[in-house]
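For this chain, numbers begin at 1 and follow the sequence in order.
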Amino acid sequence: PEEVRWQTMGLGWVFIVRLYRHNQQPQAYYARTGRAGRQDYLQRIPELAPLGTKQIAIAGLGCIGAPSTLHFAKAGMREVRLLDHDHLDPATTVRWPLGIAAAGMQKGAALLQYITTNYPYTTVTAWAHRIGDPNGSDQKVLEWFFDGTHLVYDSTAELGVNHALSELARQRDLPYISIATTPGGWGGRIIRVRPGITPGCWMCALHHLNEGSIPTPPAAPTLIQPEGCASPTFTGTSFDIEQVSLLGVRLAVSTLSAEYPPIEWDIAILALRDEQGNAIAPTWTTHELTRHPLCQNHAPG
């Protein structure tokens with residue numbers, strides 16, 4: 001007998017395991033029982049039940065995309081599709097979620113292996129590809145990426161890729177979310193476009209940011225290029241940068257799950273430092289994404 005729910009007794013399980021080894025006496029021990037059915041998970045996260053029928057497409061598996069991917073698996077997403085060309089540099093594990101045991105692996109493959117082992121109700125597929133690579137075929141990869149998905153989650157932090165994926169999502173009437181951090185991990189930016197709901201588009205957001213009607217998040221003044229790194233990169237801690245991932249995941253979940261509280265804003269700007277570079281409590285400002293008069297996506301005709 002055991003307490004199977006609050007103040008309710010019922011029958012539980014206990015197992016006896018007996019080990020037989022060659023030329024040794026058998027050994028036995030009691031094994032505790034743990035429950036790991038889908039309903040056992042959902043009792044703890046009931047607002048996320050609708051995610052069990054949803055598929056999300058995630059581009060960019062760096063220090064903000066990889067933690068986001070793990071949170072979607074924990075949340076019970078039915079399927080995640082991962083797109084990134086890069087391998088994991090061991091030095092970057094100071095802000096990548098799986099640690100040095102995954103060093104040298106392709107990022108999508110490492111996340112696929114980990115999620116498949118630890119979150120069996122989430123299906124993961126991954127494609128190693130750089131969007132725009134002249135030696136590759138974007139069309140085939142992007143057809144796979146968008147097929148059957150319910151939301152595009154863009155954590156590439158590359159302007160050209162943001163433009164391409166946001167436009168392809170717009171053409172397919174798919175919700176699109178872009179998340180990015182800034183050099184030093186001083187701030188971050190989240191943009192969401194919901195077909196038929198959000199007045200503006202990703203290009204409208206870019207116009208607003210460029211003219212200053214929506215503030216630009218703070219950023220460290222310099223980049224670095226460590227030994228062995230093929231291009232300049234930025235400094236920043238995992239616990240600062242993941243502030244962006246966490247709100248990005250909340251926004252995506254709110255968009256996909258009718259049982260999770262709705263989030264009405266579509267742009268959020270994060271400040272983790274003041275103008276002098278002093279650390280401050282995470283400060284988010286949220287904004288509507290309105291149409292911008294210079295955006296050609298909404299030009300007459």
Side-chain angles (χ1 to χ4, degrees), residues 55-69 71-72 77 80-86 130-132 138 142 145-146 149-183 185-211 213-219 234 236 241-256 263-271 284-292 295 297-298:
Q55 174 180 305
I56 190 168
I58 304 171
L61 302 175
C63 59
I64 52 176
S68 298
T69 299
H71 281 294
F72 287 128
M77 193 75 65
V80 294
R81 293 195 172 178
L82 306 178
L83 181 59
D84 194 297
H85 70 283
D86 204 5
R130 183 197 294 268
I131 296 176
D138 279 350
L142 292 174
F145 187 67
F146 283 98
T149 197
H150 297 94
L151 186 144
V152 178
Y153 192 87
D154 183 352
S155 48
T156 62
E158 294 187 14
L159 198 62
V161 177
N162 296 158
H163 189 181
L165 292 182
S166 65
E167 179 61 21
L168 291 169
R170 188 174 74 92
Q171 294 172 8
R172 291 164 170 78
D173 288 329
L174 288 173
Y176 169 84
I177 292 177
S178 169
I179 71 170
T181 187
T182 60
W186 286 18
R189 183 194 70 214
I190 298 174
I191 300 170
R192 175 180 62 173
V193 181
R194 294 171 290 173
I197 299 176
T198 306
C201 64
W202 177 85
M203 187 61 75
C204 291
L206 204 63
H207 283 297
H208 285 300
L209 288 162
N210 286 341
E211 73 179 16
S213 55
I214 293 176
T216 300
F234 60 92
I241 292 168
E242 286 184 24
Q243 296 287 332
V244 184
S245 302
L246 293 172
L247 188 55
V249 170
R250 289 186 69 203
L251 188 61
V253 169
S254 176
T255 306
L256 292 174
I263 295 176
E264 301 300 336
W265 51 262
D266 285 307
I267 295 181
I269 303 297
L270 171 65
W284 288 97
T285 59
T286 58
H287 311 267
E288 295 183 15
L289 177 47
T290 58
R291 291 187 178 183
H292 194 280
C295 182
N297 285 335
H298 308 291

Mind checking the [atom1]-[atom2] spacing from [X] to [Y]? Nearest 0.5 Å is all I need.
X	Y	atom1	atom2	value
Asp86	Arg130	CG	CZ	7.5 Å
Leu168	Leu174	CG	CG	10.0 Å
Ile214	Ile191	CD1	CD1	7.5 Å
His208	Met203	NE2	CE	12.5 Å
Asn297	Arg170	CG	CZ	4.0 Å
Leu247	Ser68	CG	OG	10.0 Å

Name of the residue among Ile179, Leu270, Leu209, Thr182 meeting side-chain contact (heavy atoms from CB on, under 4.5 Å) with Arg189: Leu209
Applying side-chain contact (heavy atoms from CB on, under 4.5 Å) between Ile56 and each of Leu151, Thr69, Val249, Ile177, report the one that passes.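 Only one option passes, and that is Leu151.
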Just checking Arg194: does its CZ atom have more than 12 heavy atoms from other residues, nucleotides or ligands closer to it than 6.0 angstrom?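 Atom CZ in Arg194 is crowded, with more than 12 foreign heavy atoms closer than 6.0 Å.
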Between Glu211 and Ser213, does any side-chain donor sit less than 3.5 Å from a side-chain acceptor?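 Yes, a side-chain donor-acceptor pair sits under 3.5 Å.
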Please determine, by modelled atom types, if Arg81 and Thr149 share a side-chain donor-acceptor pair under 3.5 angstrom. no
Would you say the side chain of [Y] lies within less than 4.5 Å of the side chain of [X], judging by non-hydrogen atoms?
X	Y	value
Cys295	Cys201	yes
Val80	Tyr153	no
Ser245	His71	no

[X] versus [Y], closest heavy-atom pair with distance:
X	Y	value
Pro199	Arg291	O-CG, 3.0 Å
Ile190	Gly248	CD1-N, 3.6 Å
Thr216	Ile269	C-CG2, 4.4 Å
His150	Pro175	O-CD, 3.3 Å
Val161	Asp154	O-OD2, 3.9 Å
Pro215	Thr285	CG-OG1, 4.3 Å

Is a donor on one side and an acceptor on the other found under 3.5 Å between the side chain of [X] and the backbone of [Y]?
X	Y	answer
Ser155	Ala59	yes
Thr255	Leu251	yes
Asp266	Val193	no
Arg192	Trp265	yes
Asp84	Leu61	yes
Thr181	Ile241	no

Determine, step by step, whether Ile131 and Glu158 satisfy the side chain to side chain contact (heavy atoms under 4.5 Å, CB included) criterion, reporting the C-alpha distance in whole Å, the side-chain angles of both residues, the deciding distance to 0.1 Å, and the verdict. CA-CA 10 Å; Ile131 296 176; Glu158 294 187 14; over 6 Å; no
Please report the C-alpha distance between Asn162 and Leu206 in whole Å, then the side-chain angles of each, then the deciding distance to 0.1 Å, and finally whether the side chain to side chain contact (heavy atoms under 4.5 Å, CB included) criterion is met. CA-CA 11 Å; Asn162 296 158; Leu206 204 63; over 6 Å; no
What pairs with His287 under ring pair (Phe, Tyr, Trp, His ring centres under 6.0 Å), at least two apart in sequence or on another chain?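 Checked His287 against ring pair (Phe, Tyr, Trp, His ring centres under 6.0 Å); zero matches.
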Not counting sequence neighbours, which residues clear ring pair (Phe, Tyr, Trp, His ring centres under 6.0 Å) with His207? List them please.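 Counting only residues at least two positions away or on another chain, His207 forms a ring pair (Phe, Tyr, Trp, His ring centres under 6.0 Å) with His292.
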